[in-house]
Amino acid sequence: MAEKTISKPTKTSNDRVIIKSFLEKIVLDAGVGRLGQQPSFEEKILPQVTRDIASVTGQQPQTRRAKESIAGFKLREGQIVGSASPSAARKWLIFLSV
């Protein structure tokens with residue numbers, strides 16, 4: 001997921017508005033889906049997911065937890081739902097070239 005920030009519009013001599021945009025950061029995230037309901041999830045599966053994301057981004061990912069319970073998805077508040085990590089600057093070119 002890429003986040004973009006748009007700077008303030010600037011006026012040229014012809015009164016045309018030019019908007020300059022630039023890339024602020026790239027965040028790689030992965031959801032664990034139904035794997036989070038398995039009994040050995042935190043011991044076996046979660047470390048593998050974090051290793052995979054860390055190898056791509058070069059930084060240790062944060063685990064994301066559910067903010068509220070949703071009965072239809074069998075999701076409970078505080079349950080781990082994924083991992084996210086911002087990409088290091090040296091690895092941005094990999095994401096931008098794809």
Side-chain angles (χ1 to χ4, degrees):
M1 178 171 84
E3 296 181 13
K4 291 186 178 181
T5 304
I6 298 175
S7 63
K8 294 181 180 180
T10 58
K11 290 192 175 189
T12 61
S13 60
N14 298 338
D15 291 326
R16 289 184 292 164
V17 177
I18 299 172
I19 298 176
K20 297 178 183 178
S21 64
F22 58 94
L23 190 62
E24 186 175 308
K25 65 180 175 179
I26 296 175
V27 179
L28 181 71
D29 58 349
V32 294
R34 302 234 172 181
L35 292 175
Q37 296 174 355
Q38 292 185 358
S40 62
F41 170 71
E42 289 193 31
E43 295 83 27
K44 294 182 180 179
I45 300 169
L46 185 61
Q48 181 62 40
V49 172
T50 56
R51 269 196 307 269
D52 292 344
I53 294 176
S55 67
V56 172
T57 61
Q59 295 183 12
Q60 188 69 21
Q62 297 176 336
T63 56
R64 302 295 185 176
R65 297 186 176 270
K67 294 179 182 177
E68 58 185 36
S69 298
I70 302 173
F73 294 114
K74 297 181 182 175
L75 181 66
R76 302 292 168 245
E77 183 177 349
Q79 185 177 357
I80 297 175
V81 293
S83 295
S85 177
S87 177
R90 66 183 179 275
K91 299 219 177 189
W92 281 19
L93 294 176
I94 295 170
F95 293 107
L96 293 176
S97 65
V98 173

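By convention here, the first residue in the shown sequence is residue 1.
Residues satisfying the side chain to side chain donor-acceptor pair (under 3.5 Å) criterion with Q62, sequence neighbours excluded, are R64. Legend: residues meeting side chain to side chain donor-acceptor pair (under 3.5 Å) with R51, ordered by chain and number and at least two apart, are Q48.
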Table please: side-chain donor-acceptor pairs of residues 72-86 below 3.5 Å, with sequence neighbours left out.
from, atom 1, to, atom 2, distance (Å)
Q79, OE1, R76, N, 3.1
S85, OG, T57, OG1, 3.2

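Considering CD of Q60 and OG1 of T63, their distance stands at 9.5 Å, rounded to 0.5 Å.
Closest approach of F41 and L35 over heavy atoms only: CD1-O, 3.2 Å.
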